[in-house]
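These numbers were taken from a predicted model, which means no experiment stands behind them. Read the numbers this way: they start at 1 and go in the same order the structure lists the ligands and their atoms. For the single chain, residues carry numbers from 1 onward in sequence order.
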Amino acid sequence: MGTQITMPAGVRQAAMLGLGVHRPERVVSNDEICELIDSNDEWIRTRTGIRNRRFAEPKESVIDMSVPAAQKALEAAGVEPEQIGAVIVATSTYVMQTPPAAAVVADRLGTKGPAAFDLGGGCAGFCTALALASDMVRGGSSDKVLVIGVEQMSVTTDPYDRSTRFIFGDGAGAVVVGATDAAGIGPVSWGSDGSQADAIVQEPGWLDFIDNPTGPRPFIKMAGTAVFRWAAFEMGKVALDAVEKAGLSVDDLDAFVPHQANARITEVIARSMKLPETVPVADDIEETGNTSAASVPLAMEAMLRKGEAKAGDTALLLAFGAGLSYAAQVVTLPPLQS
Ligand code: COA
C-alpha cells in the first residue's frame, strides 16, 4: 500500500444554477429550404412540426454562439467567470478539431484557466454532459461547471439533401452546474446502441475526402425512418427509467423537455410514458428545428420564457440521437437571466 491519496468526500448535491441561450438572428423558413430541395412547407410541417429554424452566419462559429449563451447562464446563476472550474462543450459540429472549443470559450469568457474539453455525444450531448457535470460537482473535482450544448448544423448538412436539410438548425444553450443542499439533477438513465450507429453518419469520412478532394465533401447522412422507429419504441422506456431512478412518477412532473427531433416522435414518447395531458411538453421545434446538442437547453429556455414552466419546477429532460445514444434525467428547472 503506497501513500494515502486525499480525495474530497463527494457527498454534495448538484443543480443547474442558471440558464442562457443564443439563437442566431437569421430565421430560415421552410420555403427557403425548399428552394434547394424537392419538398414543401406543408410536408415539412406535418411530418416534423417544423416551420422555421435559425442559421448562424457563415462566420458565426460554434465558439461565437457558445460565448453569449454562457455569459447569460453565468448572469442568471449570479456566478463570475473566474468561479468556473470546468467547461464542457457538447457539440458534433465544431469542424475545427484542434484546439478544443471549450478552451477557447473559457478564455473568451474571462475564466481563470479551468478544465476545458469538448464532448461528442450527438443529439444526446447536452444531457450526457449535464450528468457528467453533476458527478464532477458531487465528486468534488469542480465546484462550478459550465455545460454548453451548441451546434452549427447549417454547415454539416447538405443544402441539397432532402432527407436532412429541413430538420436541422443552429444555436447554443448553456447552464452553470454547482453544489447545492438538495439534489436538482437526478440520476441519469443513459446508454447507446452502436449496432445502429450507421443510421446517422458523416459521409464521406474526412480521410476519404483528403484522398479524393475533388469528390463530395463530408455531410451528415441519416436513415430517418430507422431513427424515428428506434426513438419512438425505445425512448419512452428510457424516460420512465429516469423518472423511476429519481424516485418519482410521471404525475410528479411539472414539465417534459424532450430533444426536439420531430414533433411526432415527441407525441409517441409522451403517449408511451402515459404522461398526464396536464404536463406541458416543450415544442420549441416549430421555430427552432432540431439543433442536436443545443435542443434541450433551447427548449428549456423557450418553456421558461413563455411561462409554460418556471424556475424550481420539476422537469424530465430526454435527449437521443447519433450513436445511437441517449441520456435522460429529472431536474429542477434553473432560473433564466432576468
Ligand atoms: N419532402 C417531401 N417528401 C419527402 C421528403 C421531403 N423532404 N423526404 C421524403 N419524402 C417522401 C418520400 O419520398 C416518401 O414518398 P413515397 O411515400 O411517395 O415513397 C415519403 O415522403 C415518406 O418517406 P419517409 O422517408 O418514409 O418519410 P418519414 O415519414 O419517415 O419522414 C423524416 C422522414 C426524416 C421526417 C422522419 O423519418 C424523421 O423525422 N426521422 C427522425 C429524424 C430525426 O429526428 N433525426 C435527428 C436525430 S435525433
If you count the atoms of ligand 1 from 1 in the order shown, which ones are under 4.0 Å from a heavy atom of Phe166? 7 (N)
Among Asn290, Ile285, Thr48, which residue places a heavy atom closest to atom 35 (C) of ligand 1? Thr48
Within 45 degrees of the ring normal and closer than 6.0 Å to the centroid, is that where the cationic atom of Arg217 sits relative to Phe219? yes
Minimum non-hydrogen distance to atom 41 (C) of ligand 1, winning option of Gly224, Cys34, Ala226, Gly122: Gly224
So, for atom 17 (O) of ligand 1, does the protein have a heavy atom nearer than 4.0 Å? no
For Trp230 and Tyr326, take the angle between the two ring planes, folded into 0 to 90°, and tell me which bin it lands in: parallel under 30, tilted 30 to 60, perpendicular over 60. tilted
Taking atom 44 (O) of ligand 1 as the point of reference, which of Ala223, Cys123, Ala261 owns the nearest heavy atom? Ala261
Flag: protein heavy atom within less than 4.0 Å of atom 25 (O) of ligand 1: yes
Should you measure from each heavy atom of Phe320, which atoms of ligand 1 turn up under 4.0 Å away? 48 (S)
Region of Ile200 engaging ligand 1 - heavy atom pairs below 4.0 Å: side chain
Please state which protein non-hydrogen atom is closest to atom 34 (C) of ligand 1 and give its distance, to 0.1 Å? Ile167 CD1, 3.8 Å
Would you check if there is a donor-acceptor pair between the side chains of Asn290 and Arg53 at a distance under 3.5 Å? no
For His259, atoms of ligand 1 separated by under 4.0 Å from a heavy atom: 48 (S)
Compare all side-chain heavy atoms of Val188 with those of Cys127 and state whether any distance is below 4.5 angstrom. no
Look up atom 14 (C) of ligand 1 and tell me if a protein heavy atom lies less than 4.0 Å from it? no
Decide if atom CD of Glu32 counts as having more than 12 heavy atoms of other residues, nucleotides or ligands within a radius under 6.0 Å. yes
Contacts of Ser154 that satisfy side chain to side chain donor-acceptor pair (under 3.5 Å) - sequence neighbours left out: Asp170
Enumerate the atoms of ligand 1 whose separation from the nearest heavy atom of Arg47 is less than 4.0 angstrom. 22 (C), 27 (O), 28 (P), 29 (O)
Atom 32 (C) of ligand 1 protein-contacted (non-hydrogen atom, under 4.0 angstrom): no
How far is atom 12 (C) of ligand 1 from its nearest protein heavy atom, and which residue and atom is that? Arg162 NH1, 4.2 Å
Between Lys112 and Glu82, is there a side-chain N and carboxylate O pair less than 4.0 Å apart? no
Heavy atoms of other groups near Arg264 CZ, more than 12 under 6.0 Å: yes
Going by the side chain to side chain donor-acceptor pair (under 3.5 Å) test, name the single residue among Gln260, Glu151, Gln152, His259 that passes it with Ser292. Glu151
Counting heavy atoms only, which of Trp43, Phe228, Tyr326 is nearest atom 8 (N) of ligand 1? Trp43
Assess whether salt bridge (Lys or Arg N to Asp or Glu O under 4.0 Å) is satisfied between Asp284 and Lys306, documenting all intermediate values. CA-CA 11 Å; Asp284 191 39; Lys306 293 189 222 160; 5.4 Å; no
For Met222, counting its heavy atoms only, list the atoms of ligand 1 lying under 4.0 Å from any of them. 42 (C), 43 (C), 45 (N), 46 (C)
Among the heavy atoms of Asp38, does any lie under 4.0 Å from an atom of ligand 1? yes
Measuring from the heavy atoms of Arg165, does anything fall under 4.0 Å of ligand 1? no
Worked check of salt bridge (Lys or Arg N to Asp or Glu O under 4.0 Å) between Lys237 and Glu234: CA-CA 6 Å; Lys237 295 177 221 165; Glu234 303 298 333; 3.1 Å; yes
Chi angles and distances behind the salt bridge (Lys or Arg N to Asp or Glu O under 4.0 Å) call for Arg54, Glu287: CA-CA 8 Å; Arg54 305 278 182 127; Glu287 291 302 321; over 6 Å; no
Where on Asn262 is there a heavy atom closer than 4.0 Å to ligand 1, on the side chain, on the backbone, on both, or on neither? side chain
Who's the nearest protein heavy-atom neighbour of atom 30 (O) of ligand 1, and how far? Thr225 OG1, 3.2 Å
Which residue owns the protein heavy atom closest to atom 1 (N) of ligand 1, what's the atom, and how far is it? Ser39 OG, 2.5 Å
